Amino acid sequence: MARPPAPGSVIVPDWHESPEGKEYLACILRKNRRRVFGLLERPVLPPPLAIDTASYKIFVSGKSGVGKTALVAKLAGLEVPVVHHETTGIQTTVVFWPAKLQTSDRVVMFRFEFWDCGETALKKFDHMLPACKEKTDAFLFLFSFTDRASFEDLPGQLARITGEAPGVVRMVVGSKFDQYMHTDVPERDLTAFRQAWELPLLRVKSVPGRRLADGRTLDGRAGLADIAHVLNGLVEQLWHQDQVAAGLLPNTPDNTPS
């Protein structure tokens, strides 16, 4: 796998906060609420704003209870479950996200199809893990800042994936970062992990999203601001990997452990 690009080198940082970016984001919002898209649906843009779409499949991996379903819900603008219930079977969620490329100033709509499967189902049914991994473009490895064992489990997960799918994008996400005062994973361990694996490591909060004036409905724009760093990170890694695979960029090997 190619070495990950430097943050901000592939897409224009914070473009989603610009007037142009907000114009494109309007297609995934409805009255400041996030629109929910089915597998066969897509945003509708006015003809002057028509852009190409790049689609990717992403498998969310991690121990039970680390917040896989909660993360996908936040990325999609859905309610985050208050009580943990293990996912039964495979759950797929579609998220659209526009981004502006640095080199060409071109705007591309990215379609992410997140696959989430409960740990019990993966162990019980042999066909589920192969189905989740098949034609996957990226793996999101989750750990919880409040669960030391989930962090210590990462190297084993990463080593297995490196052997099985060496060309697939890998990213690490630490959940429940808002509970950092009670963390079981100190900063020195995160630094050592990043140095050893040379992988992007992002942090997300588990607090419920902000609400509109009615006090009930999730604020779609505020929710996008909370998770933009994760979606932008995925865009950068996946687009860079595609450019390397197409021979448009040199392949600089990473130095992660095998």
Side-chain angles (χ1 to χ4, degrees), residues 11 13-46 49 51 53-62 66-85 87 90-100 107-118 137-138 140 142 144 171 173-178 202-238:
I11 62 173
D14 299 327
W15 172 80
H16 60 281
E17 296 179 352
S18 69
E20 182 188 36
K22 290 178 180 178
E23 193 173 7
Y24 282 93
L25 284 176
C27 72
I28 61 174
L29 294 165
R30 181 185 289 121
K31 296 182 179 179
N32 281 336
R33 304 177 185 180
R34 285 285 296 279
R35 291 187 59 195
V36 178
F37 296 95
L39 289 174
L40 301 179
E41 296 177 312
R42 59 177 296 161
V44 177
L45 284 162
L49 299 182
I51 52 177
T53 300
S55 298
Y56 298 98
K57 175 183 175 182
I58 299 160
F59 177 42
V60 185
S61 176
V66 297
K68 298 188 294 295
T69 302
L71 171 66
V72 174
K74 286 183 78 72
L75 295 177
L78 303 172
E79 291 284 356
V80 174
V82 178
V83 180
H84 171 251
H85 296 287
T87 303
I90 296 173
Q91 179 175 297
T92 58
T93 306
V94 174
V95 176
F96 285 92
W97 181 248
K100 189 170 190 176
V107 179
V108 176
M109 181 66 73
F110 290 84
R111 178 189 182 275
F112 299 124
E113 189 174 304
F114 292 95
W115 286 52
D116 171 26
C117 187
D137 300 294
L140 276 186
L142 260 68
S144 168
M171 292 177 62
V173 176
S175 66
K176 305 179 184 179
F177 183 59
D178 48 302
L202 306 176
R203 310 166 197 229
V204 294
K205 299 177 181 179
S206 58
V207 292
R210 287 170 278 183
R211 307 282 163 171
L212 294 173
D214 63 11
R216 300 186 306 273
T217 309
L218 285 171
D219 185 330
R221 288 194 181 277
L224 287 174
D226 291 340
I227 50 83
H229 67 294
V230 178
L231 296 174
N232 279 336
L234 278 168
V235 166
E236 292 213 300
Q237 303 301 317
L238 288 162

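Fair warning: this is a prediction, and the values are worked out from it, not measured in the lab.
- Residue-environment remark: NZ (Lys57) exceeds the threshold of 12 foreign heavy atoms within 6.0 Å.
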Evaluate the side chain to side chain contact (heavy atoms under 4.5 Å, CB included) criterion for residues Arg34 and Val95: first the C-alpha distance (whole Å), next the side-chain angles of each, then the deciding distance (0.1 Å), finally the verdict.
-> CA-CA 10 Å; Arg34 285 285 296 279; Val95 176; 3.8 Å; yes
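- A donor-acceptor pair is defined here as one N or O able to donate and one able to accept, closer than 3.5 Å; such a pair exists between the side chain of Arg210 and the backbone of Ala222.
- Atom CZ of Arg211 has more than 12 neighbouring heavy atoms from other residues, nucleotides or ligands inside a 6.0 Å radius.
- Contact annotation: the side chain of Leu25 approaches that of Pro98 to within less than 4.5 Å [non-hydrogen atoms, C-beta and beyond].
- Each of Leu71, Leu202, Val204 was compared with Ser175 under the side chain to side chain contact (heavy atoms under 4.5 Å, CB included) criterion, and only Val204 meets it.
- Of the possible polar contacts, none joining the Arg33 side chain to the Gly77 backbone as a donor-acceptor pair under 3.5 Å is found.
- Formation of a donor-acceptor pair under 3.5 Å by the Glu113 side chain with backbone atoms of Thr92 is not found in this model.
- Listed here is the closest heavy atom pair of Arg203 and His229: O-NE2, 2.9 Å.
- Judged purely by atom type and a 3.5 angstrom limit, Asn32 has no side-chain atom pairing as donor or acceptor with the backbone of Gly220.
- Rounded to the nearest 0.5 angstrom, Ser55 OG and Phe96 CZ are separated by 6.5 Å.
- Atom CG of Leu142 sits about 10.5 Å away from atom CE of Met171, to the nearest 0.5 Å.
- The minimum heavy-atom distance linking Val94 with Phe37 is given by the pair CB-O, 3.9 Å.
- The shortest heavy-atom contact between Thr93 and Ala76 is CG2-CB, 3.7 Å.
- Atoms CG and CG, on Leu218 and Leu212 in that order, are 8.0 Å from each other to the nearest 0.5 Å.
- A distance of 9.5 Å separates OG of Ser18 from CD of Glu23, quoted to the nearest 0.5 Å.
- Between Trp97 and the options Leu75, Val235, Leu234, a side chain to side chain contact (heavy atoms under 4.5 Å, CB included) holds for only Val235.
- Nearest heavy-atom pair across Leu45 and Met109 is CD1-CE, 4.4 Å.
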Start with the C-alpha distance between Leu224 and His16, add both sets of side-chain angles, then the distance that settles side chain to side chain contact (heavy atoms under 4.5 Å, CB included), and finish with yes or no.
-> CA-CA 9 Å; Leu224 287 174; His16 60 281; over 6 Å; no
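- Under the side chain to side chain contact (heavy atoms under 4.5 Å, CB included) criterion, Lys74 pairs with Val80, Ile227, not counting sequence neighbours.
- Between Thr53 and Arg42 the shortest heavy-atom distance is OG1-NH2, 2.7 Å.
- Below 30°, between 30° and 60°, or above 60°: for Phe112 and Phe110 the angle between ring planes is below 30°, a parallel geometry.
- Every residue two or more places apart in sequence or in another chain that forms a salt bridge (Lys or Arg N to Asp or Glu O under 4.0 Å) with Glu20 is listed here: Lys100.
- Heavy-atom minimum distance, Ile58 versus Leu140: CG2-CG, 3.9 Å.
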